[in-house]
Asker: 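Okay, handing you the structure first.
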Amino acid sequence: MPMIQAHALNLSFGTGLALNQVLHDVSLSVADGESFGLVGESGSGKTTVLRCLAGQYRHWHGELSIAGVPLQHKIPKEHFRKVQMVFQDPYGSLHPRHTIDTALREPLIIHGVGDKDDRIDEILRKVGLNDSFRFRYPHQLSGGQRQRVAIARALILQPRVLLLDEPTSALDVSVQAEILNLLTDLRQQEKLTYLMVTHDLGVVTHLCDRVAVMQQGRIVELMDSQGLSQDLATHDYTRMLVQASRDFSQESERRQIG
C-alpha cells in the first residue's frame, strides 16, 4: 500500500473570468519509506501539491490518501500526527519571540502528548543539537541550526511522512550538505517517507529515489533520480531543466575560480 497517493488532483483559485487552475490531474504514488522529489520551475505547482497534503489548501478536487486513509476536506487533528511539513525559510517558520523550547513544546500541548521535557531533549539530540539550545531564541541560532529546529519540530509528534518544501535552498552550500545528510539519516532511523519539493537537481539525486517533473501544474515526466543524472529524460522540458542546472553549476564554478 502506498504511503502517499494522489489521483487526478485539481486545484483552482478565483472564480469566473478570474479563475486560474494551478493543478491539472496530478497523480502520484509514494511507497512507504521512499523519498520522492517534485521538481520544476517556480509556479509549476510543486509546493501547491504539498500544501494540499498538509491541509493548507482544502478546496482541491480529486483523491488524496495517507497510509491508505482518504484525506477529506475537513481534516481531523490526527492527520497532523502522521504528516508534518518543513518549510523553506527556517527563520520565517519559527516565532521570533518564542524560545526553541516553546516551539517544540507547542505541538505536544496541542496533541496532548506527555513526557514533554524528555521528548524535547530526545528530538534535539536526534537533529544534532544539545540541551543548551532549548532556551535560545531563533535569532541566536545560525541558519543551519534553525533548520534543524524546524526539522525537530516536525518530527516531535513522530509522524510517518515529512513534506519538505525546499528545505535547503535558504542555506549556504556547506550547510546544505549537512542538512541533506541529516535528512538521509533521519529517514533511515525513523522509517520516514519524504515528499520533497526542490528546484535543485543535485539535491534530488542526493536525497530522492524517484522524481516527478512538473510544468504548468502538470506532471510531464516520472523517473528514478539515477536516470535523471544519467541523461535518460525523454521530455523536452526535463532536458531543459537538466541543461539549465548544469549551466548554472558551471557558471558558479567559474566565479569561484575567478
Side-chain angles (χ1 to χ4, degrees), residues 3-4 32-33 35 50-58 65-69 71-72 74-168 170-171 175 178-197 207:
M3 179 56 68
I4 304 171
D32 187 6
S35 182
L50 292 196
R51 289 179 174 173
C52 291
L53 288 163
Q56 295 178 350
Y57 294 149
R58 304 189 183 189
S65 65
I66 301 291
V69 179
L71 189 60
Q72 307 296 330
K74 186 176 181 180
I75 299 177
K77 188 165 68 172
E78 292 75 24
H79 173 76
F80 303 103
R81 294 289 298 267
K82 290 189 296 185
V83 180
Q84 283 288 311
M85 191 163 175
V86 178
F87 297 92
Q88 179 178 2
D89 179 7
Y91 192 73
S93 65
L94 297 171
H95 196 296
R97 296 185 180 179
H98 287 176
T99 64
I100 304 312
D101 181 85
T102 301
L104 297 178
R105 191 175 295 270
E106 184 178 28
L108 299 176
I109 294 171
I110 292 172
H111 290 270
V113 179
D115 300 324
K116 296 178 180 61
D117 289 332
D118 290 341
R119 286 176 179 266
I120 291 170
D121 287 340
E122 180 184 10
I123 200 63
L124 283 173
R125 286 195 297 271
K126 283 183 177 180
V127 300
L129 300 174
N130 59 43
D131 296 349
S132 70
F133 287 88
R134 278 186 63 171
F135 298 101
R136 299 186 193 182
Y137 290 88
H139 73 271
Q140 296 175 311
L141 276 59
S142 68
Q145 290 168 344
R146 286 194 290 264
Q147 194 61 296
R148 288 174 187 268
V149 171
I151 293 169
R153 184 177 58 181
L155 288 178
I156 201 163
L157 292 174
Q158 299 178 321
R160 300 181 66 184
V161 173
L162 279 193
L163 306 173
L164 304 167
D165 186 11
E166 301 202 37
T168 62
L171 306 174
V175 180
E178 293 177 6
I179 297 300
L180 288 174
N181 290 334
L182 173 65
L183 288 169
T184 299
D185 293 341
L186 288 170
R187 176 188 164 202
Q188 296 172 351
Q189 295 166 10
E190 307 299 314
K191 297 179 172 55
L192 295 164
T193 301
Y194 290 165
L195 180 57
M196 184 177 71
V197 159
L207 192 65

Asker: Just checking, is any N or O donor in the side chain of S132 or N130 under 3.5 Å from an acceptor N or O on the other one?
Answerer: yes
Asker: Please report the closest heavy-atom contact between V161 and M3, naming both atoms and the distance.
Answerer: CG2-CG, 3.5 Å
Asker: May I ask you to test the L155-K126 pair for a side-chain heavy-atom distance under 4.5 Å?
Answerer: no
Asker: Quick check against the 3.5 Å criterion: does T102 have a side-chain atom that pairs as donor or acceptor with the backbone of H98?
Answerer: no
Asker: Is the closest side-chain heavy-atom distance between M85 and Q56 below 4.5 Å?
Answerer: yes
Asker: Might you point out which heavy atoms bring R187 and L207 nearest each other, and give the distance in Å?
Answerer: NH1-O, 3.7 Å
Asker: Of all heavy-atom pairs between I156 and P107, which one has the smallest distance, and what is that distance?
Answerer: CG2-CG, 3.8 Å
Asker: So with a 6.0 Å cut-off around CZ of R160, is the heavy-atom count from everything else above 12?
Answerer: no
Asker: To the nearest 0.5 angstrom, please state how far the CZ atom of F133 sits from the CZ atom of R125.
Answerer: 14.0 Å
Asker: Is the shortest side-chain heavy-atom distance between T99 and R134 below 4.5 Å?
Answerer: no
Asker: Residues in side-chain contact (heavy atoms from CB on, under 4.5 Å) with Q189, at least two apart?
Answerer: D185, L186
Asker: What pair of heavy atoms forms the shortest contact from Q147 to V86, and how long is it?
Answerer: OE1-CG1, 3.7 Å
Asker: Roughly how far, to the nearest 0.5 Å, is CG of D115 from CD of E122?
Answerer: 10.0 Å
Asker: When you measure from the side chain of H111 to the backbone of V113, do you find a donor-acceptor pair of N or O atoms at a distance under 3.5 Å?
Answerer: no
Asker: Show your working on side chain to side chain contact (heavy atoms under 4.5 Å, CB included) between L164 and F87 and close with a plain yes or no.
Answerer: CA-CA 6 Å; L164 304 167; F87 297 92; over 6 Å; no
Asker: A side-chain contact here means heavy atoms from C-beta on lying under 4.5 Å apart; do L129 and I100 qualify?
Answerer: no
Asker: What closest approach, in Å, do C52 and L71 show between heavy atoms, and which atom pair accounts for it?
Answerer: O-CD2, 3.8 Å
Asker: Any chance you could lay out the side chain to side chain contact (heavy atoms under 4.5 Å, CB included) test for Q140 and R146, step after step, and finish with the verdict?
Answerer: CA-CA 9 Å; Q140 296 175 311; R146 286 194 290 264; over 6 Å; no
Asker: Would D32 and K191 count as a salt bridge (Lys or Arg N to Asp or Glu O under 4.0 Å) if you check the C-alpha gap in whole Å, the side-chain angles of each, and the deciding distance to 0.1 Å?
Answerer: CA-CA 8 Å; D32 187 6; K191 297 179 172 55; over 6 Å; no
Asker: Partners of E106 by salt bridge (charged side-chain N to carboxylate O under 4.0 Å, His left out), sequence neighbours excluded?
Answerer: none
Asker: Taking R119 for its side chain and G114 for its backbone only, find out whether a donor-acceptor pair lies under 3.5 Å.
Answerer: yes
Asker: Give, for atom NE2 of H79 and atom NZ of K74, the distance between the pair rounded to the nearest 0.5 Å.
Answerer: 15.0 Å
Asker: Kindly indicate, with the supporting measurements, whether the criterion side chain to side chain contact (heavy atoms under 4.5 Å, CB included) is fulfilled by L163 and V197.
Answerer: CA-CA 8 Å; L163 306 173; V197 159; over 6 Å; no
Asker: When rounded to the nearest 0.5 angstrom, what is the spacing between CG in L50 and CG in L162?
Answerer: 11.0 Å
Asker: Would a 4.5 Å heavy-atom cut-off, applied to side chains only, mark P167 and M196 as touching?
Answerer: yes
Asker: Work out which heavy atom in L192 is nearest to a heavy atom in P159; give both atom names and the distance.
Answerer: CD2-O, 3.3 Å
Asker: Do V69 and K82 have side chains that get closer than 4.5 Å, going by heavy atoms?
Answerer: yes
Asker: Yes or no on side chain to side chain contact (heavy atoms under 4.5 Å, CB included) for S93 and Q88, after CA distance, side-chain angles and deciding distance?
Answerer: CA-CA 8 Å; S93 65; Q88 179 178 2; over 6 Å; no
Asker: Is there side-chain contact between I151 and L183, with heavy atoms separated by less than 4.5 Å?
Answerer: yes
Asker: When rounded to the nearest 0.5 angstrom, what distance separates CZ in R97 from NE2 in H95?
Answerer: 7.0 Å
Asker: Hey, what do you get for CD (E178) to CG (L180), rounding to the nearest 0.5 Å?
Answerer: 10.5 Å
Asker: Could you tell me whether the side chain of I120 reaches within less than 4.5 Å of the side chain of L108, counting heavy atoms only?
Answerer: yes
